[in-house]
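This report refers to the structure that appears directly beneath it.
Computed from a predicted structure; not experimentally measured. Here, residue 1 is the first one in the sequence, and each next residue gets the next number.
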Amino acid sequence: MDEKTPLVVAAVGDDGGCVPKCDLPWYKCRRYWLAFYAFLGFFNVYALRVNLSVAIVEMSKHFDWNNSQTTMILSSFFFGYICTQLPGGWLGTKFGGKYVFGFGVLCTTLLTLLTPLASNSIPALIALRVVEGLGEGVTYPAMHSIWAKWAPPAERSRLATLSYIGAYMGTIVSMPASGALSASHFLDGWPSVFYVFGTLGFLWFVMWMYFAADNPSKDKWITDSERDYIEGSIIRTQGKDDNVSVPWKGIFSSLPVWSIVVNHTTNNWGFYTLLTCLPTYLNDVLHFDISSGGGLSALPYLSLFIIAFLSGQIADTLRSKGYSTTIVRKGFNTLSYTLGAGFLLLCGYTSTFDHSSSWKKTAAVAFLVVANGSLGFALAGFNVNHLDISPRFAGVLMGITNGFGTIPGFVGPIVAGAIAKCVYCDEDGNEFFGKYWEGKTKCPGSEAEYLERKCTVDDAGHQWRIVFIISAAIFIFGALVFLIFGSGNVQPFNSPSKSSKRRNEDDIEDDMDAAEYSARSHNRVVNATKEEKVFIVGEEN
C-alpha cells in the first residue's frame with residue numbers, strides 16, 4: 001500500500017488482521033445518533049425520577065402530609081428500582097435492549113401521568129412509585145446491552161458517557177422547571193409537573209421506537225462502512241454473538257466483576273451522601289439553604305455533567321494513543337475517588353471555622369461542587385468497565401453491579417441521620433427558633449424536651465465531620481479495590497468454555513467473518529484521504 005495513503009484502523013487482531021474504521025464524520029454516524037437518542041432517554045429517566053422530590057413540597061401542603069409520610073413516598077421508588085436491575089440486564093442481553101429500555105421508560109412515563117390521580121391516597125401513590133421503580137430499574141442494564149452491540153471497543157468510553165450524562169442534564173433542567181411549574185397556576189400548579197414531563201417522556205418513546213435499533217444490522221439508516229466497522233471490530237474482540245447461556249459461575253467468581261460491584265456501591269454511597277445529606281449539612285451547620293440559591297442548586301449536577309462528558313472523550317483519546325484500557329480505567333477511577341474523598345473531608349472540616357463567615361459558606365458550596373463533579377471521572381473508570389471485561393454480558397453485569405449500587409440509597413441517608421442527630425430549628429415563629437437539639441423533628445415540642453436533648457452548632461459540625469470521614473474512607477477503599485483487582489481485559493467467562501476442537505473451529509470462523517468485513521471495506525481504506533488520521537488500538541495484554 002502507498003505509504004502516503006493513511007490506513008484507518010479500528011482493531012488489530014493477534015494475527016495482524018485489521019478492521020477498517022468508518023470513514024464518515026461523527027455527525028453522520030448512526031452510533032452517535034443512537035447516543036443522542038439515549039441521552040434524551042436518560043434525560044427523561046431522571047426528570048421523571050426527581051420531579052416528585054420538588055413537587056412534593058406543594059403536595060405536602062395540599063394533602064397535609066407530615067415528614068414521615070413524604071419520606072416514605074419518596075423512598076418507595078427504590079424498592080421497585082432494585083428489583084429489576086438483574087432482570088433488565090438479562091432481558092436486554094437475551095432479546096435486545098431497544099424494547100427493554102424503551103418500554104421501561106414508557107412504564108415510568110405512563111405512571112407519572114397518573115400521579116396526580118393516585119396522590120389522593122398515600123397507599124396508592126406508594127404502590128405507583130414502586131411500580132415506577134420497577135420500570136426504571138431496567139434502563140441502565142438495557143443500555144449497556146445495546147452498547148455491547150453498537151460500541152466499537154475504541155469508542156466505548158465516549159459513547160457510553162455521551163448517553164449516560166443525559167441523566168445529569170435531566171436533573172439540572174427538571175429541578176428548577178418542576179419548582180416553577182409547582183408555583184404556577186398552569187394546570188393547577190403541582191399536577192402540571194407530572195403532566196409536562198410525562199408528555200415529554202411519551203414523545204421520546206415514540207422517537208426511540210422509530211429511530212433506535214438493537215444492533216447495527218437492524219438499523220435502517222446505517223451505511224455499509226459504519227456497519228462493517230462496528231461489527232468487524234466487535235467480532236475481533238469477542239467473536240460472533242452466538243446464543244450462549246449466561247455463565248453465572250464465571251461471573252460471580254470473577255475478581256474484576258467484584259471490583260466493579262464494590263466500586264458501584266462505594267461510588268453511590270458518596271453520591272447519595274453528597275446529594276441527599278449535604279443540603280442538610282449546609283442548612284444546619286452553615287445556616288445556608290442551597291435550595292434558596294436558585295441556579296446554585298444545579299451547580300453540583302452541572303459540574304458532574306461537564307466532567308463526565310470530558311472524561312469519556314479523554315479516556316478514549318488516551319487509549320487511541322497506546323495507553324492500555326486497564327491503566328486508563330484505573331487512572332480515571334483513582335482520580336475520581338481521590339478528589340471526592342479530599343473535598344468531602346474539606347466539607348467536614350469547614351465547620352471548624354467561624355460559622356457566620358460568608359467566605360466559609362462560599363467555600364463549602366465550592367467543595368460540594370468539586371466533590372460531586374469528581375464523581376464524573378468514574379464514568380470513564382468502573383462505570384464503563386463492564387463493556388471491557390465482558391462485552392457479551394455487559395447488560396447482565398450492569399444489572400448486578402447497579403443492583404448492589406442501589407443499596408446505599410437506602411443505607412447511606414440512614415447512617416448519616418443516625419450520626420448527625422443534632423439538628424437546627426429553623427421554623428419561623430417557633431419558640432425554639434435558632435436552637436439545636438437531638439430529636440426526631442426539626443424543633444422540640446416542649447422546654448423539657450429541649451433541655452433533655454439540647455446540643456450546639458459545634459456538636460452538629462463534629463457529627464457531620466464523622467459522616468464525611470466515613471464517606472471519604474469508603475471512597476478510598478473503593479479506589480484501592482479497583483487498583484488491585486480491576487482489569488481492562490476481556491475475561492474468560494465472556495466466551496464460555498467449549499471443547500478444544502470446537503473452540504478452534506469457532507476461532508477460525510470468527511477470523512473469516514472479520515476478514516469478510518475487512519474485504520468489504522478494503523476499497524474505502526485504500527481511497528482514504530490524506531487528512532485522515534491513523535488510529536490503531538491493539539488488543540490488551
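Heavy atoms only, all atoms of each residue included: Pro116 and Asn120 are closest at O-ND2, 3.8 Å. The two residues Ser119 and Met59 make their nearest non-hydrogen contact at OG-CE, 3.2 Å. Residues Phe197 and Ala177 come closest through the heavy atom pair CZ-CB, 4.0 Å. Between Thr108 and Thr112, the closest heavy-atom pair is O-OG1, 2.7 Å. When all heavy atoms of Ile73 and Ser76 are compared, the closest pair comes out as O-OG, 2.6 Å. Closest of all the heavy-atom pairs between Ala308 and Leu379 is CB-CD2, 3.9 Å.
Shown here are the side chain to side chain contact (heavy atoms under 4.5 Å, CB included) partners of Leu480, two or more places apart in sequence or in another chain: Ile476. Legend: residues meeting side chain to side chain contact (heavy atoms under 4.5 Å, CB included) with Ser254, ordered by chain and number and at least two apart, are Pro256, Val257, Gln491, Phe493.
A donor-acceptor pair under 3.5 Å is absent between the side-chain atoms of Thr325 and the main chain of Gly488, judged by distance alone. The main-chain N or O of Gly340 is found under 3.5 Å from a side-chain atom of Ser374 such that the two form a donor-acceptor pair. With Asn267 contributing its side chain and Asn263 its backbone, the two residues share no donor-acceptor pair below 3.5 Å.
Ring pair Trp90/Phe95 is perpendicular by interplanar angle, where above 60° counts as perpendicular and below 30° as parallel. Ring planes of Phe36 and Trp33: perpendicular class, angle over 60° (limits at 30 and 60°).
Checked against the 6.0 Å centroid threshold, Phe382 and Phe332 do not count as a close aromatic pair. Note: Trp190 and Phe63 meet the aromatic proximity criterion, with ring centroids under 6.0 Å apart.
For the residue pair Thr93 and Arg392, no side-chain donor N or O sits within less than 3.5 Å of a side-chain acceptor on the partner. In this model, a donor atom of one side chain and an acceptor atom of the other lie less than 3.5 Å apart for Asp316 and Ser157.
Residues Asp388 and Arg156 are paired through a salt bridge, judged by an N-O separation under 4.0 Å between the basic side chain and the carboxylate. Ion pair Asp214/Lys98 not flagged as a salt bridge, since none of the NZ, NE, NH1 or NH2 atoms sits closer than 4.0 Å to an Asp/Glu carboxylate oxygen. At a threshold of 4.0 Å, the pair Arg31-Glu226 counts as salt-bridged, since one of the basic side-chain nitrogens sits closer than that to a carboxylate oxygen.
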*Yes or no on side-chain contact (heavy atoms from CB on, under 4.5 Å) for Lys220 and Phe211, after CA distance, side-chain angles and deciding distance?*
CA-CA 8 Å; Lys220 294 180 289 187; Phe211 288 110; over 6 Å; no
_Would Glu155 and Tyr32 count as a side-chain hydrogen bond (donor to acceptor under 3.5 Å, both in side chains) here? Give the steps._
CA-CA 10 Å; Glu155 301 176 33; Tyr32 283 97; 3.0 Å; yes
*Run the side-chain hydrogen bond (donor to acceptor under 3.5 Å, both in side chains) check on Trp147 and Ser163 step by step: do they pass?*
CA-CA 10 Å; Trp147 286 130; Ser163 57; 3.1 Å; yes
*Determine, stepwise, if the pair Trp208 / Val105 fulfils side-chain contact (heavy atoms from CB on, under 4.5 Å).*
CA-CA 10 Å; Trp208 174 260; Val105 179; over 6 Å; no
*asked:* Does Tyr301 form a side-chain contact (heavy atoms from CB on, under 4.5 Å) with Met169? I'd like the steps, not just the answer.
replied: CA-CA 8 Å; Tyr301 300 95; Met169 184 56 67; over 6 Å; no
*Walk me through it: do Tyr37 and Met207 pass the test side-chain contact (heavy atoms from CB on, under 4.5 Å)?*
CA-CA 8 Å; Tyr37 305 145; Met207 180 195 71; 3.9 Å; yes
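Within a 6.0 Å radius of CZ in Phe202, other residues, nucleotides and ligands contribute 12 heavy atoms or fewer. At most 12 heavy atoms of other shown residues, nucleotides or ligands fall within 6.0 angstrom of atom OH in Tyr99.
For Arg465 and Phe468, the positive end is not near the middle of the six-membered ring at less than 6.0 Å and at most 45° from its axis. Seen from the ring of Tyr81, Arg49 counts as a face-on cation partner, given the 6.0 Å and 45° thresholds.
Under the ring pair (Phe, Tyr, Trp, His ring centres under 6.0 Å) criterion, the residue pairs touching residues 164-183 are Phe42-Tyr164, Tyr140-Tyr164, His144-Tyr164, with sequence neighbours excluded.
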